[in-house]
Number of protein chains: 2
Amino acid sequence: MASPQKTSRKAAGTRAAIRRARPASGRAHSGDAGDDIGLDALVGHAGYAVRRFQLWIFQDFIKTLATVDIRPTQYAVKNVIGANPGLSQMAVAKRLGIERARLVHLLDSLEERDFVSRIPSTIDRRSHALHLTTRGKAALAQFKRLAAEHERHVAEKIGKANREQLLRILACFT
Amino acid sequence: MASPQKTSRKAAGTRAAIRRARPASGRAHSGDAGDDIGLDALVGHAGYAVRRFQLWIFQDFIKTLATVDIRPTQYAVKNVIGANPGLSQMAVAKRLGIERARLVHLLDSLEERDFVSRIPSTIDRRSHALHLTTRGKAALAQFKRLAAEHERHVAEKIGKANREQLLRILACFT
DNA sequence: TATTGTTATACTCTATAACTATA
DNA sequence: TATAGTTATAGAGTATAACAATA
């Protein structure tokens, strides 16, 4: 890593100088309030609400499992391997919709932490059979308890019945 | 795109052969089927379903608006500026939950395409008042029509009533 | 001192392409 | 030829930190 050099700050006029003209029309841009800023067509888009919800969920998941340093995707991978020992990397990647190239790195870090082991397949020597280690199994049990706690946060946020409704609506995507 | 072939389902004889020579423990990792791979605790997690749903939604949005080369975040930014002309960058960033450093680049590209203009504020000379250009306004109208088409895809996928239920449940996140 | 817009860096995630060793 | 795992690269997206101009 090179030293954090700070590329001589060029005189500030470059960009700002270009914008030195017309006065503004429209609102006197309240830069802070934000309460009365409308979303227009965005309010009718499921994707917008879903994106905001997903950001909230992931943040809470990461925070709730911060003590064990496990992120949502790592948790998903461990779960599937734990429930289906012997799976190949391709099978896990396809099942979870992860790129196989990305799964390589995910497994690298899980293997480094002694949670997962790649066992050479006796059937197809190109592939690996994925298993949880003893340590990985114990860890997963703990992660599941913390993840359940996170799930209770979700229920608190949107309501118990709404959460169940949501799971029902989106069941076709799992 | 043009993802041509879909791995021609080769006869069940292959899988039968695999079953024959089962390795030490676990399944003989069926690398292709994926139908019987359980998700375990993942099925009870709203975050997992929401993540998969969001991926599907964004992919459909990008595909549906591919002809105009607009991504979900760009669309959201244009929408908010169009509905609230004169807003500062900070106000837009806060409203949409985008980092202000990231909004700089988003606006750079929208400005290059002559959709948005940064007008120096007469009130606070640190900030810019954001406006849609004439071209930007016309373009946004077209984007909204395409986005509505995308929204119809969502309704087809999960059902009209379910989509509305979803919007109601997640209204607190917008 | 604090804030706005900007630049820069680092790390995650997604999407490819290419390589190897097998099949 | 095709597939499994790997490596590499490029682009978004996220999270910070620092800086100049301004408040």
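Please read these numbers as outputs of a predicted model, since none were measured by experiment. Chain identifiers are assigned alphabetically (A, B, ...) following the order of the sequence lines, protein sequences preceding nucleic acid strands; residue numbering begins at 1 within each chain.
A side-chain contact (heavy atoms from CB on, under 4.5 Å) with B/V116 is found for one member of B/L110, B/V77, B/L106 and no other, namely B/L110.
With contacts defined as side-chain heavy-atom distances shorter than 4.5 Å, the pair B/L170/A/R52 does not qualify.
Note: A/Y75 and A/F61 have tilted aromatic rings, judged against thresholds of 30 and 60 degrees for the angle between ring planes.
Between A/R125 and D/dG5, a side-chain N or O to OP1/OP2 separation shorter than 4.0 Å is absent. Not one side-chain nitrogen or oxygen of A/Q59 sits closer than 4.0 Å to the OP1 or OP2 atom of D/dT14. Dashed line: the shortest gap from a side-chain N or O of B/Q89 to OP1 or OP2 of C/dT3 is not under 4.0 Å. Between C/dT6 and B/R118, a contact under 4.0 Å exists linking OP1 or OP2 to a side-chain N or O. In this model, the phosphate group of C/dG5 is not approached by any side-chain N or O of B/R100 to a distance below 4.0 Å at OP1 or OP2.
Residues A/L106 and B/V104 each lie close to DNA chain C; by heavy-atom proximity, the contact nearer the 5' end of the strand is made by B/V104. Residue-to-nucleotide proximity on DNA chain D shows that, of A/R51 and A/D108, the 5′-proximal contact is made by A/D108.
With rounding to whole Å, B/D124 atom CG is found 6 Å from D/dA23 atom P. Nucleotide C/dT12 holds its P atom 18 Å from the CZ atom of B/R102, rounded to whole Å. Atom CD1 in A/I98 sits about 12 Å away from atom P in C/dA15, given to the nearest Å. Across the protein-nucleic acid pair, B/R71 atom CZ and C/dC13 atom C1' stand 12 Å apart, rounded to whole Å. Between the CG atom of B/L103 and the P atom of D/dT16 there is a distance of 18 Å, given to the nearest Å. Computed from coordinates, the B/L107 CG to C/dT4 C1' distance equals 13 Å when rounded to whole Å. At whole-Å resolution of the value, CD1 in B/I123 and P in C/dG5 are 13 Å apart. In this entry the distance linking NE2 of B/H105 with P of C/dG5 reads 14 Å, nearest Å.
Closest approach to the B/A101 side chain among D/dT7, C/dT4, D/dA17 is made by D/dA17 (side chain taken as heavy atoms from C-beta onward). Here the nucleotide nearest the side chain of B/R126, chosen from C/dG5, D/dA12, C/dA2, is C/dA2. Taking the side chain of B/S127 as heavy atoms from C-beta on, and the options C/dT4, C/dC13, D/dA4, the nearest nucleotide is C/dT4. Checking D/dA23, C/dT6, D/dG5 against the side-chain heavy atoms of A/S88 singles out D/dG5 as nearest. Set against D/dA4, C/dG5, D/dT14, the side chain of A/L55 has D/dT14 as its closest nucleotide.
Residues B/F53 and A/F53 place their aromatic rings such that the two centres sit no closer than 6.0 Å.
Checked by atom type and distance alone, the side chain of A/R135 pairs as donor or acceptor with a backbone atom of A/R113 at under 3.5 Å.
For the pair B/K78 and B/F115, the cation-pi criterion (under 6.0 Å, within 45° of the ring axis) is fulfilled.
Contact annotation for A/E99: base contact, defined as any heavy-atom pair under 4.0 Å involving a base atom.
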